[in-house]
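Report on the structure given below.
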Amino acid sequence: GACCSYRLRNALHPLWQSPLSIPGGSRQSPINIQWRDSVYDPFLKPLKISYDPTTCLHIWNNGYSFLVEFDDSTDRSIIVGGPLENQYRLKQFHFHWGAINEWGSEHTVDSKFYPAELHLVHWNAVVYPTFEEAVMEGNGLAVIGVFLKLGAHHEGLQTLVDALPAVKHKDTVIEFDVFDPSCLIPSCPDYWTYAGSLTTPPLTESVTWIIKKKPIEVDENQLEAFRMLLFTSDGEEEKRMVDNFRPLQPLMNRTVRSSFQ
Ligand SMILES: NS(=O)(=O)c1ccc2oc(=S)[nH]c2c1
Ligand SMILES: [Zn+2]
């Protein structure tokens, strides 16, 4: 049945040496979003995003992806509204991508992969004292997912792409002190939302996912810049950082809601 195959899928996937099964794994991510099965919820509010670009700190290659990290010691960069009961603080954003343009995103829409997916990670600092504690709680995190599609050059992304050669190897970091990530979020307010998990270890079921319906456009050179990064440290045999996405997980007893009709 679905459950054993998903356990097999997790066990087999080379990248995530995740445990054979996640304890009580009933809300794992990513999932396929079947547009026609999503349910319009008129009570969903618009998502309110207010980021302070000066809270940007650095870019770090952590050996899975590259993270742009923010100063989350105050409420200067937050999101509120949408499906959320509290405001959530921006901690970092990162991407997942493929070796080629045919795949790379973690979520799919009607089984379609995008070449890449952006995750903006926020945590519930109203209720929890630290990010590490929020990661363990059902309402601890809120992640905005934005699909990237091949198309026009993205000016805002280019400032980030220009810094990537400095973080080519695992565990390298470069200062990156002013960046407003809202330039990476489509202005169209439409989104899907569902209860899910982290897609990398510890895979905890602590994420309210907010997946933007509209993708952003980036060009081939910008996607290629992601693919020049390495999973490996300086001096090790080079392994290109590509296909850093988790396999699709079963929907189980969940409904995906939409903010639009
Ligand atoms: N890929 S993701 O689900 O957005 C995500 C977000 C934050 C995380 O913190 C740890 S630890 N693993 C994480 C995975
Ligand atoms: Zn992610």
Side-chain angles (χ1 to χ4, degrees), residues 10 13 15-19 22-23 25-33 47 49 57-70 72 77-79 82-84 88-98 103-109 113-125 128-148 157 160 170-171 181 184-185 191-212 215-216 223 226 229 231 241-249 251 254 256:
N10 273 314
H13 195 271
L15 202 53
W16 311 127
Q17 303 311 322
S18 51
I22 313 301
S26 61
R27 54 174 277 193
Q28 289 292 294
S29 295
I31 59 169
N32 174 51
I33 296 168
L47 188 62
I49 297 167
L57 294 173
H58 52 250
I59 308 174
W60 171 43
N61 178 332
N62 71 351
Y64 282 119
S65 181
F66 64 93
L67 307 185
V68 181
E69 298 203 283
F70 289 77
D72 61 349
S77 290
I78 57 156
I79 58 171
L84 305 171
Y88 285 65
R89 242 181 234 177
L90 176 66
K91 179 172 182 55
Q92 51 103 332
F93 69 82
H94 62 274
F95 298 81
H96 303 261
W97 60 92
W103 59 72
S105 60
E106 295 214 295
H107 292 87
T108 53
V109 178
F113 283 94
Y114 284 88
E117 184 173 332
L118 161 64
H119 290 160
L120 295 128
V121 180
H122 310 76
W123 60 284
N124 186 342
Y128 304 110
T130 65
F131 170 78
E132 286 70 22
E133 285 180 74
V135 160
M136 307 311 285
E137 302 294 334
N139 64 341
L141 301 186
V143 181
I144 299 175
V146 180
F147 295 116
L148 277 63
L157 184 68
L160 190 49
K170 178 181 178 192
D171 293 331
L184 300 174
I185 302 174
Y191 62 84
W192 289 284
T193 183
Y194 78 97
S197 74
L198 301 180
T199 64
T200 64
L203 302 171
T204 45
E205 299 184 331
S206 54
V207 181
T208 299
W209 282 96
I210 298 166
I211 308 286
K212 299 290 284 186
I216 57 171
L223 286 170
F226 288 12
L229 294 168
F231 282 128
M241 185 180 274
V242 293
D243 299 334
N244 56 356
F245 56 92
R246 189 190 189 195
L248 289 171
Q249 302 296 309
L251 184 61
R254 288 180 284 184
V256 177

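In what follows, every heavy atom counts, from backbone to side chain, and hydrogens, waters and symmetry copies are set aside. One-based numbering, in listed order, for ligands and for the atoms of each.
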For atom 8 (C) of ligand 1, the protein heavy atom that lies nearest, with its residue and separation: Leu198 CD2, 3.8 Å
Between the CZ atom in Arg89 and the CG atom in Asn124, the distance rounded to the nearest 0.5 Å is 10.0 Å
Taking only heavy atoms of Pro201 into account, list the atoms of ligand 1 that are under 4.0 Å away from them. 11 (S), 12 (N)
About how many Å separate CG of Leu141 and CE of Met136, when rounded to the nearest 0.5 Å? 10.5 Å
Which of the atoms in ligand 1, numbered in the order shown and given with their element, are less than 4.0 Å from a heavy-atom of Pro202? 11 (S)
Please could you name the atoms of ligand 1 that His96 approaches to less than 4.0 Å, counting only its heavy atoms? 1 (N)
Pair Trp209 + His119: ring centers closer than 6.0 Å: yes
Nearest 0.5 angstrom please: Thr208 OG1 to Arg27 CZ, how far? 6.5 Å
Of all N, O or S atoms in His94, the one closest to the Zn ion (ligand 2) is NE2
Per-residue contact class, Phe95 against ligand 1 - non-hydrogen pairs under 4.0 Å: neither
One finds that the ligand 1 atoms under 4.0 Å from a non-hydrogen atom of Thr200 are 12 (N), 13 (C), 14 (C)
Is it the side chain, the backbone, both or neither of Phe131 that has a heavy atom closer than 4.0 Å to ligand 1? side chain
Which protein heavy atom lies closest to atom 3 (O) of ligand 1, and at what distance to 0.1 Å? Thr199 N, 2.9 Å
At what distance, to the nearest 0.5 angstrom, does CG of Leu229 lie from CH2 of Trp97? 5.0 Å
Rounded distance [0.5 Å steps], OG1 in Thr199 versus CD1 in Ile31: 12.5 Å
What's the separation between atom CD in Glu137 and atom OH in Tyr128, rounded to the nearest 0.5 Å? 4.0 Å
Is the closest side-chain heavy-atom distance between Lys212 and Ile144 below 4.5 Å? yes
Once you restrict to heavy atoms under 4.0 Å, what part of Val121 touches ligand 1? Side chain, backbone, both or neither. side chain
Does any part of the side chain of Leu184, heavy atoms only, come nearer than 4.5 Å to the side chain of Val146, both counted from C-beta? no
Find all atoms of ligand 1 within a distance of less than 4.0 Å from any non-hydrogen atom belonging to Trp209, and give their numbers and elements. 3 (O), 4 (O)
Atom name of the N, O or S atom of His119 nearest to the Zn ion (ligand 2) is ND1
With the threshold set at under 4.0 angstrom, would you say His94 reaches ligand 1 through any of its heavy atoms? yes
